[in-house]
Q: 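The structure is given below, and queries will be raised subsequently.
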Amino acid sequence: IEAFDYIFSSTLWVYNSVYYPIEYSVMAHPQLLAALFMLLSMISYQISASFAKQLFLHLDPLSVTILRLCFAALIVFFMFRSWHIFKRLGFLKWRDLLCYSAALCLMNVLFYFSLGKLPQGIAVGLEFIGPLGLALLSIKQRSDSIWVGLAILGIALMVPWQQAFEGNFSIFGALCALGAGLCWAFYIYFGQKVVQQNIGMHALTIAISLSALSLLPIGLYHNAQALLNVEYWPQALAIAVLATAIPYALDLQALKRLSKLSYGTLSSLSPALAALAGLVLLGEKIGFWQWIALACVMLASIGVTFKSKTG
């Protein structure tokens with residue numbers, strides 16, 4: 001209980017200390033604010049990926065996903081005081097909420113399955129086909145295609161495709177990654193509809209709670225011993241904070257201020273952040289073409305942000 005209280009209070013402190021000061025300091029530049037929210041979200045998620053990969057040595061991906069969502073549901077429920085939404089449940093647009101919840105649920109399950117079968121670079125690269133595809137479909141002006149094209153080129157150069165021809169490549173993992181990307185596109189699409197209901201972060205609580213409740217019976221039937229083993233709960237709790245509570249809360253704030261085109265293009269920063277994190281934290285070298293890829297992705301993200309700001 002004390003550990004949970006500490007995690008909850010720390011998460012709330014991080015959210016309040018990051019979100020509110022930044023919001024008031026850049027209120028005049030909502031596009032820059034949204035880009036900053038996405039940047040913080042992606043950094044948090046990349047850190048969590050390393051924890052999840054380590055936990056896969058002891059638990060299967062489905063069990064890790066379920067533990068993460070269950071802990072995240074508790075955290076966001078108390079962090080955003082979501083009991084206040086109970087009296088409004090009958091007035092909500094449940095079709096959008098259910099679609100948003102389903103996209104979030106499947107996106108998490110499929111991505112962790114792919115992460116357990118593929119090298120992380122391949123899994124992330126294939127998953128990003130989803131948001132980039134949505135960005136392509138959202139193009140309305142010819143100039144927008146420049147930034148999307150740069151992002152696609154950057155992703156293509158960033159991903160270590162040569163690993164796809166090695167013995168550890170999994171067709172099942174690749175299909176899961178592509179499925180996760182498709183669900184990510186639906187997550188963006190329905191996320192923009194959900195934020196229009198003006199229920200704030202309660203939408204996130206509902207989506208994560210529904211995802212956790214729908215997967216929990218499956219997980220208990222599949223591997224109850226893994227879910228009930230408290231030895232791995234601290235790691236799952238940390239993943240829940242870094243991969244769900246913080247990123248999705250920041251994502252909802254970003255979706256209020258960004259179009260599907262901008263969000264999809266800015267999302268391409270994530271593989272670049274993963275590469276930089278590997279360079280700084282793990283000493284993984286970045287080749288010439290990957291530096292070119294980093295430049296392409298960053299140019300695309302900067303271009304779409306300032307284009308939206310001035311447009």
Side-chain angles (χ1 to χ4, degrees), residues 1-15 44-83 85-86 89 97-98 100-118 120 123 127 170 172-173 176-177 179-180 183 187 201-249:
I1 298 298
E2 292 179 359
F4 178 79
D5 288 341
Y6 175 76
I7 292 290
F8 164 66
S9 59
S10 300
T11 305
L12 185 60
W13 178 84
V14 169
Y15 179 77
S44 180
Y45 195 88
Q46 289 302 326
I47 294 174
S48 76
S50 63
F51 290 147
K53 197 78 172 177
Q54 293 172 6
L55 199 52
F56 287 166
L57 299 175
H58 308 285
L59 300 177
D60 60 277
L62 179 61
S63 297
V64 174
T65 305
I66 294 171
L67 285 174
R68 164 188 158 184
L69 289 173
C70 287
F71 281 121
L74 291 173
I75 291 170
V76 296
F77 179 81
F78 289 104
M79 186 166 73
F80 301 126
R81 301 177 181 179
S82 293
W83 53 84
I85 197 62
F86 288 159
L89 291 179
L97 268 172
L98 290 175
Y100 175 68
S101 303
L104 184 149
C105 177
L106 291 174
M107 177 178 68
N108 281 280
V109 172
L110 291 172
F111 177 67
Y112 271 21
F113 270 118
S114 70
L115 201 59
K117 294 288 186 180
L118 294 175
Q120 188 169 346
E127 187 193 23
S170 167
F172 174 75
C176 287
C183 292
Y187 165 82
M201 292 301 173
H202 302 315
L204 181 63
T205 302
I206 293 172
I208 295 177
S209 299
L210 289 176
S211 299
L213 289 173
S214 63
L215 289 175
L216 187 57
I218 300 173
L220 290 173
Y221 177 80
H222 169 70
N223 194 354
Q225 184 178 1
L227 294 179
L228 300 176
N229 190 341
V230 297
E231 178 185 354
Y232 303 114
W233 285 13
Q235 296 99 310
L237 188 57
I239 294 171
V241 173
L242 293 170
T244 306
I246 292 176
Y248 292 163

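Heavy-atom basis, side chains included; hydrogens, waters and symmetry copies ignored.
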Q: Taking atom CE of Met107 and atom OG of Ser211, what is their separation to the nearest 0.5 Å?
A: 9.0 Å

Q: So Leu227 and Asn223, side chain to side chain contact (heavy atoms under 4.5 Å, CB included) or not? Walk me through it.
A: CA-CA 7 Å; Leu227 294 179; Asn223 194 354; 5.9 Å; no

Q: Between Ser48 (side chain only) and Ile239 (backbone N and O only), is there a donor and an acceptor less than 3.5 Å apart?
A: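 Such a contact is absent between Ser48 side chain and Ile239 backbone.
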
Q: Does His58 have any ring pair (Phe, Tyr, Trp, His ring centres under 6.0 Å) partners at least two apart in sequence or in another chain, and if so, which?
A: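 Per chain and number, His58 pairs via ring pair (Phe, Tyr, Trp, His ring centres under 6.0 Å) with Tyr232.
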
Q: Name every donor-acceptor pair, under 3.5 Å, that has one atom in a side chain of residues 62-71 and the other anywhere in the protein, sequence neighbours excluded.
A:
| residue | atom | partner | partner atom | Å |
| --- | --- | --- | --- | --- |
| Ser63 | OG | Asp60 | OD1 | 2.8 |
| Ser63 | OG | Asp60 | OD2 | 3.3 |
| Thr65 | OG1 | Pro61 | O | 2.8 |
| Arg68 | NE | Thr244 | OG1 | 2.6 |
| Arg68 | NH1 | Asn108 | OD1 | 3.0 |
| Arg68 | NH1 | Tyr112 | OH | 3.0 |
| Arg68 | NH2 | Asn108 | OD1 | 2.4 |
| Arg68 | NH2 | Ala243 | O | 3.1 |
| Arg68 | NH2 | Thr244 | OG1 | 3.3 |
| Arg68 | NH2 | Tyr248 | OH | 3.3 |

Q: Could you measure the distance from the CZ atom of Phe51 to the CG atom of Leu55? Nearest 0.5 Å is fine.
A: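 Atom-to-atom, Phe51:CZ and Leu55:CG are 11.0 Å apart.
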
Q: Which atom pair, heavy atoms only, marks the closest approach of Pro217 to Ser214?
A: CD-O, 3.8 Å

Q: Nearest 0.5 Å, please: how far is CG in Leu89 from CG in Leu97?
A: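 Taking CG in Leu97 and CG in Leu89, the distance rounds to 9.5 Å.
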
Q: Start with the C-alpha gap between Cys105 and Leu210, add the side-chain angles, then the distance that decides, and say whether side chain to side chain contact (heavy atoms under 4.5 Å, CB included) holds.
A: CA-CA 8 Å; Cys105 177; Leu210 289 176; over 6 Å; no

Q: Report yes if the side chains of Leu59 and Asn229 come closer than 4.5 Å at any heavy-atom pair, otherwise no.
A: no

Q: Can a donor-acceptor pair be found, under 3.5 Å and without considering hydrogens, that links the side chain of Lys53 to the backbone of Leu115?
A: yes

Q: Over all heavy atoms of both residues, which pair between Ala103 and Tyr187 is shortest? Give the atoms and the distance, please.
A: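 So the minimum-distance heavy-atom pair works out to CB-N, 3.6 Å.
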
Q: Just to verify, which of Leu204, Ile206, Ile208, Thr205 counts as forming a side chain to side chain contact (heavy atoms under 4.5 Å, CB included) with Phe77?
A: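 Of the listed options, the one satisfying the test is Thr205.
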
Q: If I take atom CZ from residue Phe56 and atom NZ from residue Lys117, how far apart are they, to the nearest 0.5 angstrom?
A: 11.5 Å

